[in-house]
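Note that the structure is a prediction, hence the values are computed from the model and not measured. Count residues from 1 along the sequence.
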Amino acid sequence: MTNSFALSATNRIALITGASRGIGAAVAKRFAAEGAHVILVARNSKGLEEVDDEIRATGGTATLVPLDLMEFPKIDILAAQIAERFGKLDILVGNAGLLGELSPLTHTCIEDWDKVMALNVTANFHLLRCFDELLKASDAGRAMFVSSGVTKRAAAYWGAYAVSKSALEAMVNIYAAENAKTSVKANLIDPGAVATRMRAKAFPGEDPMTLPAPEDITDIFVKLARADFMETGGRYIPA
Ligand SMILES: NC(=O)c1ccc[n+]([C@@H]2O[C@H](COP(=O)([O-])OP(=O)(O)OC[C@H]3O[C@@H](n4cnc5c(N)ncnc54)[C@H](OP(=O)(O)O)[C@@H]3O)[C@@H](O)[C@H]2O)c1
């Protein structure tokens with residue numbers, strides 16, 4: 001087993017949201033293989049257990065947290081539990097996301113708009129708010145959030161999703177700027193097109209075999225998680 005996190009004297013504790021499938025599951029498995037203890041957050045227990053089985057089979061360790069991130073007070077409770085058990089958080093991966101319905105902006109269903117904003121923006125705000133102290137308790141706290149290429153173009157019909165990812169980018173850049181003189185680094189990852197359930201919903205006619213698998217794009221997550229990675233406020237795409 002390689003160990004990219006070995007630069008730190010202590011074992012790395014990594015929390016990954018949206019770890020029950022797709023990109024989050026692949027990142028969780030990779031981080032566990034690199035020697036981190038991974039805390040897996042998502043709603044679907046069965047998905048989390050399947051990821052845990054794979055992690056254990058390769059000698060890794062995980063803590064499973066079945067949680068709806070739109071229930072914001074539960075994020076406070078989770079942070080308190082992690083503080084009690086580990087006293088720090090080394091790596092925070094804000095990956096969970098919701099596509100919502102693709103439609104003309106002015107036709108967006110209000111409930112759909114609210115849910116997309118709640119998960120893609122507000123839940124990530126609560127993660128930063130609740131885990132800030134624990135990231136600072138690490139010798140090298142690393143936060144990374146998964147954005148999208150839709151922030152870089154006028155993405156017609158991607159309404160709430162595109163707006164939410166632009167807000168996420170602004171928020172993470174603000175957090176990075178405010179922490180420029182601390183040991184905490186915060187960055188964004190635009191994963192590009194990846195064969196997941198979300199991508200299949202957005203592009204139902206596309207052959208997923210033509211896309212990278214989630215496992216193919218985890219190197220950038222490892223790079224940004226390393227204790228010797230000192231950039232902050234950046235936006236990265238997989239190599
Ligand atoms: N795939 C792509 O091509 C692509 C491109 C650009 C950006 N992204 C971004 O990459 C990230 C991961 O997407 P993906 O493609 O891997 O999507 P996905 O396969 O749909 O996975 C989404 C993950 O988020 C979790 N999740 C959804 N709602 C949640 C909630 N309320 N509380 C907790 N967890 C929740 C899901 O778990 P549960 O259902 O078990 O809760 C699942 O683990 C997202 O932020 C997405 O916007 C993806």
> Can you tell whether the side chains of D228 and R142 come within less than 4.0 Å, N to carboxylate O?
no
> Nearest heavy-atom pair of S138 and D90: which atoms, and what distance?
OG-OD1, 2.6 Å
> Please examine the side chains of L127 and L92, heavy atoms only from C-beta on, and report whether any two atoms are closer than 4.5 Å.
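They are in side-chain contact.
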> Can you tell me which residue pairs pass the salt bridge (charged side-chain N to carboxylate O under 4.0 Å, His left out) test with a partner in residues 154-166, sequence neighbours excluded?
none
> Write down the atom of I217, the atom of P191, and the distance for their closest heavy-atom approach.
CD1-CB, 3.8 Å
> Do you know the tightest heavy-atom contact between C130 and A79?
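Minimum heavy-atom contact is O-CB, 3.5 Å.
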> Indicate if L48 and V41 have the same hydrophobic cluster label, given that clusters are the connected sets of ILVMFWY residues with side-chain heavy-atom separations under 4.5 angstrom.
no
> I'd like to know whether OH of Y157 has more than 12 heavy-atom contacts from other residues, nucleotides or ligands below 6.0 angstrom.
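Result for OH/Y157: open.
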> Which of these passes side-chain contact (heavy atoms from CB on, under 4.5 Å) with I39: I91, I13, L64?
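Output: one option passes, namely I13.
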> So, do Y161 and V150 sit near enough that their side-chain heavy atoms are less than 4.5 Å apart?
yes
> Sequence neighbours left out, what pairs pass salt bridge (charged side-chain N to carboxylate O under 4.0 Å, His left out) with at least one residue falling in residues 205-219?
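Checked against salt bridge (charged side-chain N to carboxylate O under 4.0 Å, His left out) - neighbours excluded - the pairs reaching residues 205-219 are K29-E215, R30-D219, R199-E206.
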> Would you call I220 and I237 a side-chain contact if the rule is heavy atoms closer than 4.5 Å?
no
> Scan residues 175-194 for pairs that pass salt bridge (charged side-chain N to carboxylate O under 4.0 Å, His left out), counting only residues two or more places apart or in two chains.
D190-R235
> If we ignore hydrogens and angles and just use 3.5 Å, is the side chain of N187 paired with the main-chain N or O of G234 as donor and acceptor?
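Side chain of N187 to backbone of G234, a donor-acceptor pair under 3.5 Å: yes, one is there.
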> Which pairs with one or both residues in residues 62-71 pass side chain to side chain donor-acceptor pair (under 3.5 Å), sequence neighbours excluded?
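Every pair satisfying side chain to side chain donor-acceptor pair (under 3.5 Å) with a residue in residues 62-71: H37-T63, T63-R85, E71-K74.
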> For A19 versus V51, what's the shortest heavy-atom pair and its separation?
O-CG2, 3.4 Å
> Side chains of T58 and E54: does their closest heavy-atom pair fall under 4.5 Å?
no
> Taking only residues two or more places apart in sequence, or in another chain, which ones meet D76 in a side chain to side chain donor-acceptor pair (under 3.5 Å)?
R129
> Determine, step by step, whether F125 and Y175 satisfy the ring pair (Phe, Tyr, Trp, His ring centres under 6.0 Å) criterion, reporting the C-alpha distance in whole Å, the side-chain angles of both residues, the deciding distance to 0.1 Å, and the verdict.
CA-CA 10 Å; F125 160 66; Y175 180 76; over 10 Å; no
> Mind checking whether T61 and V38 have side chains closer than 4.5 Å, heavy atoms only?
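The answer is no, as the side chains (C-beta and beyond) never meet within the 4.5 Å cut-off.
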> Taking salt bridge (charged side-chain N to carboxylate O under 4.0 Å, His left out) as the definition, give me every residue that meets it alongside R56, ordered by chain and number, with sequence neighbours left out.
D52
> Are L98 and V194 joined in one hydrophobic group, where the rule is that I, L, V, M, F, W and Y side chains link up if heavy atoms are under 4.5 Å apart?
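No, it is not one cluster - the side chains of L98 and V194 are not joined through contacts under 4.5 Å.
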> Do I75 and F131 have side-chain heavy atoms sitting under 4.5 Å apart?
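Answer yes - side chains close enough.
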> Is L89 reachable from V65 through a run of I, L, V, M, F, W or Y residues, each pair having side-chain heavy atoms under 4.5 Å apart?
yes
> Is it true that L224 and I23 fall in one hydrophobic cluster, defined by side-chain heavy atoms closer than 4.5 Å?
yes
> Any donor-acceptor pair under 3.5 Å linking the side chain of K201 with the backbone of G100?
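Flag set: sc K201 to bb G100 pair under 3.5 Å.
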> Search all heavy atoms of N120 against all heavy atoms of G97 and return the closest pair with its distance.
OD1-CA, 3.3 Å
> Do the side chains of M144 and L135 join up, straight or via other hydrophobic residues, at under 4.5 Å, putting them in one cluster?
no
> Quick one: does T218's side chain get under 4.5 Å of F31's, heavy atoms only?
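No, side chains not in contact.
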> Does the side chain of N179 reach to within under 4.5 Å of the side chain of K136, using non-hydrogen atoms?
yes
> My understanding is that only residues two or more places apart in sequence, or in another chain, count here; which of them pass side chain to side chain donor-acceptor pair (under 3.5 Å) with N173?
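Applying side chain to side chain donor-acceptor pair (under 3.5 Å) to N173 gives none.
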> Considering non-hydrogen atoms only, spot the tightest contact between G18 and A42 and give its length.
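Heavy atoms only, the tightest pair is CA-CB, 4.4 Å.
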> Scan L188, I189, T17 and name whichever one has a side-chain contact (heavy atoms from CB on, under 4.5 Å) with F145.
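Between F145 and the candidates, side-chain contact (heavy atoms from CB on, under 4.5 Å) is satisfied uniquely by L188.
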> Kindly write out the residues that satisfy side chain to side chain donor-acceptor pair (under 3.5 Å) with N124, not counting sequence neighbours, or none if the list is empty.
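Result, side chain to side chain donor-acceptor pair (under 3.5 Å) vs N124: none returned.
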> Under the criterion side chain to side chain contact (heavy atoms under 4.5 Å, CB included), I'd like the reasoning laid out for V27 against N95: C-alpha separation, chi angles, the key distance, then a yes or no.
CA-CA 9 Å; V27 170; N95 162 79; over 6 Å; no
> Test of understanding: with side chain to side chain contact (heavy atoms under 4.5 Å, CB included), list the residues that count as partners of E133, not counting sequence neighbours.
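For E133, no residue satisfies side chain to side chain contact (heavy atoms under 4.5 Å, CB included) once neighbours in sequence are set aside.
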> With sequence neighbours excluded, tell me which residues meet side chain to side chain donor-acceptor pair (under 3.5 Å) with S147.
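With sequence neighbours excluded, S147 shows a side chain to side chain donor-acceptor pair (under 3.5 Å) to E169, given in chain and number order.
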> When the ring centroid of Y236 is compared with that of F221, is the distance short of 6.0 Å?
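Ring centroids of Y236 and F221 are no less than 6.0 Å from each other.
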> Out of curiosity, S20 OG to R197 CZ, how far, rounded to the nearest 0.5 Å?
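The CZ atom of R197 is 7.5 Å from OG of S20, to the nearest 0.5 Å.
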> Quick one: side chains of residues 102-118, donor-acceptor pairs under 3.5 Å with protein atoms, not counting sequence neighbours, listed by atom name and distance.
unit_1, atom_1, unit_2, atom_2, d
T108, OG1, L105, O, 2.7
D112, OD2, E101, N, 2.9

> Going by the angle between their ring planes, with limits at 30° and 60°, are H126 and F72 parallel, tilted or perpendicular?
parallel
> Who pairs with R21 by salt bridge (charged side-chain N to carboxylate O under 4.0 Å, His left out), at least two apart in sequence or on another chain?
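Expected list: none.
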